[in-house]
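Contents: one structure, followed by commentary.
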Amino acid sequence: EVQLVESGGGLAQPGGSLTLSCTAVGFSFSTNIMSWVRQAPGKELEWVSSINGGGSVPNYADSVLGRFTISRDNAKNTLYLQLNSLKTEDTAMYYCARGGRPPASLSDIRPWYTAWGQGTQVTVSS
């Protein structure tokens, strides 16, 4: 059974940092592009970042470029997202998903991904 389990969310102050983790089981993790996707209250799903199977090619949404860092440890079947310089607008549920960056023309990105975690909440507030 394919499972993605996120952890590491929580409450942070503006300017603070958090590290999210996603552990994968049930499939060949190292051969799959993986992504982080978030959903803020009352808003649509938003792609945040993707990384190729080998971990050498990261991609970021403009809204997080320079502040977030995606990485992976294939030996541990784990995907990471380091969140720095957090802003209140980063408050959202963060999901780990199997798949890459979705086409910009796609209105609903949920079907683009073939597996989802349950999400971990990130709240940025003073």
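Identified under the disulfide bond (SG atoms under 2.5 Å apart) test for residues 38-102, with sequence neighbours left out: Cys22-Cys96.
Atom CG of Leu86 is separated from atom OG1 of Thr123 by 10.5 Å, given to the nearest 0.5 angstrom. Remark: Leu106 CG to Leu45 CG distance equals 10.5 Å, nearest 0.5 Å.
For the residue pair Thr19 and Gln82, a side-chain donor N or O sits within less than 3.5 Å of a side-chain acceptor on the partner. If you check the side chains of Glu89 and Ser63, you find no donor sitting under 3.5 Å from an acceptor.
For the pair Glu6 (side chain) and Gln118 (backbone), a donor-acceptor distance under 3.5 Å is present. The backbone N or O of Gly99 sits less than 3.5 Å from a side-chain atom of Ser35, completing a donor-acceptor pair.
Contact record, Trp112 with Gly100: NE1-O, 3.1 Å, taken as the closest heavy-atom pair.
Ser71 meets the side-chain hydrogen bond (donor to acceptor under 3.5 Å, both in side chains) test with no other residue; sequence neighbours excluded. The side-chain contact (heavy atoms from CB on, under 4.5 Å) search around Arg67 returns Val64, Ser85, Lys87, Asp90, not counting sequence neighbours.
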Please test Gln121 against Thr91 for side chain to side chain contact (heavy atoms under 4.5 Å, CB included), starting from the C-alpha separation and ending with a verdict. CA-CA 8 Å; Gln121 178 68 38; Thr91 295; 4.1 Å; yes
Take Leu18 and Phe68, measure what side chain to side chain contact (heavy atoms under 4.5 Å, CB included) needs, and give me the verdict at the end. CA-CA 10 Å; Leu18 286 171; Phe68 291 7; over 6 Å; no
Go through Leu4 and Met34 one step at a time and tell me if the side chain to side chain contact (heavy atoms under 4.5 Å, CB included) criterion holds. CA-CA 11 Å; Leu4 299 171; Met34 297 296 296; 3.9 Å; yes
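At a threshold of 4.5 Å between side-chain heavy atoms, the hydrophobic network of Ile, Leu, Val, Met, Phe, Trp and Tyr places Val37 and Ile70 in two separate groups. When hydrophobic clusters are built by joining Ile, Leu, Val, Met, Phe, Trp and Tyr residues whose side-chain heavy atoms come closer than 4.5 Å, directly or via intermediates, Tyr94 is not grouped with Trp47. Taking hydrophobic clusters as Ile, Leu, Val, Met, Phe, Trp and Tyr residues chained together by side-chain heavy-atom distances below 4.5 Å, Phe27 shares a cluster with Trp36. Leu81 is connected to Phe29 through a chain of hydrophobic side-chain contacts under 4.5 Å among Ile, Leu, Val, Met, Phe, Trp and Tyr, so both are in one cluster. Grouping the Ile, Leu, Val, Met, Phe, Trp and Tyr side chains by contacts below 4.5 angstrom, directly or via other members, places Leu20 with Ile51.
Other residues, nucleotides and ligands place no more than 12 heavy atoms under 6.0 Å from the CD atom of Glu44.
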